[in-house]
Amino acid sequence: MSSILQELSGQQAWEEFLAYRLKKGRFNWHGFEEADSYVASKAFAAIAGKLLAGESPGIPEKHLVNKMGTGRKRVVYSYPPESQRALKLIAHLLYKYDHTLPRNCYSFRRGLTAQKAVLRLIRQVGDSPFWAYKLDIHDYFNSISVPLLLPVLKETLSDDETLYGFFREMLSDDRALFDGAIIRESKGVMAGTPTAPFLADLYLSEVDRHFAAAGEPYARYSDDMILFARTCEELQGHIETLKDFLAKYRLQPNPSKERIYFPGEPFDFLGFKCLGRRIDIADSSKRKMKDRIRRRARALNRWRSINGIEPARAMKALINSFNRKFFEGDDPHDLTWSRWFFPIINSTGGLKEIDRCLQRNLRYLATGRHNKANYRVRYKDLKALGYKSLVHEYYIYMSRKTLNLQLP
């Protein structure tokens, strides 16, 4: 059987990957033309040959990027462009091993989405009096122990020793570029690299299998985990088992994100708030978005005041910014809010809160103050500048969804 690394040398694998990404909407026109030219000219041959010959993909560069909704930074890594392209194809081809992962792990998998995780939990829990425990693992991707991962990876890739050898060398190399210098550090599976999601799913597959066998509702999405039990005593037992697993795999829970839910209390998971059959936007997700709106509005108000900009121009800039965030998205890899939340939620309470926050801050930009006089700016004035209500767009989405279900 040929290795995945050998497939990197063949044009067919690259063309199929290109077609898959195009079908999924992962390209703008310029990006597609560049990728198509890369494949047509067989520019991949050089990096494919190097990797198959056992050469390193290079030294990854370490970046500190803003963590969305907070003032904190997170660490991500990226390889040189040629290696990054090859790693993307390797990550695509690694889906041949997807069947080895338990079905209660939902992250970065075809056909098993975060939305399906939430819906499955709702079906399993329903209105029954379950206790629940949720946790988040601190800096998961970069905290994974490579010595503990390698035996699991070797077993999974038992039919592809060449690929396993490639991963062993890549993950064991402790070098990174940072601020123009080579540093040495533990990097785990390197958040930001294309193969990190598969490796992160694989690392805790023993935990997923354990809770699948236990028969209680449980789900994991990368570093976010939630489990349920019918009694407090059972839940405490599950929590102890889970923490034993995390200690075994040298991982630390994020204490600020640990939470126990009592029977009858709504639980949060992956940005959704669930109670019985009702699904809304989680309070933490609403808070982060409203904070983001307020920060952006304050920045635009300073810009308006310093440069003598017309209020309507600042208002339109705020509208355009959040129309992209909610409905369009600058990066085709990113899920917009509407793509993430609309297919699942059946309550508009959270959407209404965010609508009110955005409208309030748009009116603030009209005067530079928060006061009742701002309401002289009418709703139709906001719409004339391009404002879209989340609630209104949600009902349009639901109408189209209903119509599509009715069509033969």
* Test of ring centre spacing under 6.0 Å for H210 and F245 -> yes

* Parallel, tilted or perpendicular: which describes the rings of F198 and Y97, with under 30° parallel and over 60° perpendicular? -> tilted

* To do: Decide yes or no on salt bridge (Lys or Arg N to Asp or Glu O under 4.0 Å) for E161 and K154, but give the supporting numbers first.
  => CA-CA 8 Å; E161 293 184 5; K154 185 174 185 178; over 6 Å; no

* **Pair D268 + K134, salt bridge at N-O below 4.0 Å** => no

* To do: Would you indicate whether the side-chain heavy atoms of K243 and E258 approach each other to under 4.5 Å?
  => yes

* To do: Report yes if some heavy atom in the side chain of R296 is under 4.5 Å from a heavy atom in the side chain of F322; otherwise report no.
  => yes

* State, with a plain yes or no, whether a side-chain heavy atom of D139 is found less than 4.5 Å away from one of N254. => no

* D201 bridged to R109 by N-O distance under 4.0 Å -> no

* Asked: Between Q12 and E16, do the side chains contain an N or O donor and an N or O acceptor separated by less than 3.5 Å?
  -> yes

* Using the benzene-type ring in the case of Trp, are the ring centres of Y261 and F228 under 6.0 Å apart? -> no

* To do: Please report the shortest heavy-atom distance between L365 and A297, naming the atom on each side.
  => CD2-O, 3.4 Å

* Is the distance between the ring centroids of F272 and F341 less than 6.0 Å? -> yes

* To do: Find out whether the Lys NZ or Arg CZ of R220 is both under 6.0 angstrom from the six-membered ring centre of Y106 and within 45° of the ring's axis.
  => no

* For the pair D355 and K352, find out whether any cationic side-chain nitrogen is under 4.0 Å from an anionic carboxylate oxygen. => no

* **For the student: nearest non-hydrogen atoms of Y379 and R363, plus distance** => N-NH2, 3.7 Å

* Pick out which of F211, Y218, Y133 makes a ring pair (Phe, Tyr, Trp, His ring centres under 6.0 Å) with H238. => F211

* **Geometric class of the Y38/W14 ring pair [parallel <30°, tilted 30-60°, perpendicular >60°]** => perpendicular

* **Check: W131 ring centroid to F262 ring centroid under 6.0 Å** => yes

* Asked: Among L382, V377, I293, D381, which residue meets the side-chain contact (heavy atoms from CB on, under 4.5 Å) test with L362?
  -> L382

* So K388 and E393, salt bridge (Lys or Arg N to Asp or Glu O under 4.0 Å) or not? Walk me through it. -> CA-CA 7 Å; K388 296 180 181 180; E393 295 299 318; 5.3 Å; no

* **D173 side-chain N/O to I59 backbone N/O, donor-acceptor pair under 3.5 Å** => no

* How far apart are the closest heavy atoms of G276 and I122, and which atoms are they? -> O-CD1, 3.2 Å

* Asked: Salt-bridged, R259 to E265, with N to O below 4.0 Å?
  -> yes

* Side chains of L351 and F342 in contact at under 4.5 Å (non-hydrogen atoms) -> yes

* To do: Please tell me if the side chains of R339 and F327 come closer than 4.5 Å, counting only heavy atoms from C-beta onward.
  => no

* Pair E61, Y79: side-chain N/O donor-acceptor within cut-off below 3.5 Å -> no

* Asked: Taking 4.0 angstrom as the limit, do E34 and R85 come out as a salt bridge?
  -> yes

* Do H92 and Y20 have ring centres separated by under 6.0 Å? -> yes

* So, for V118 and C274, which heavy atoms are closest and what is the spacing to 0.1 Å? -> CG1-SG, 3.8 Å

* Asked: Of L150, V189, I90, which meets side-chain contact (heavy atoms from CB on, under 4.5 Å) against F167?
  -> I90

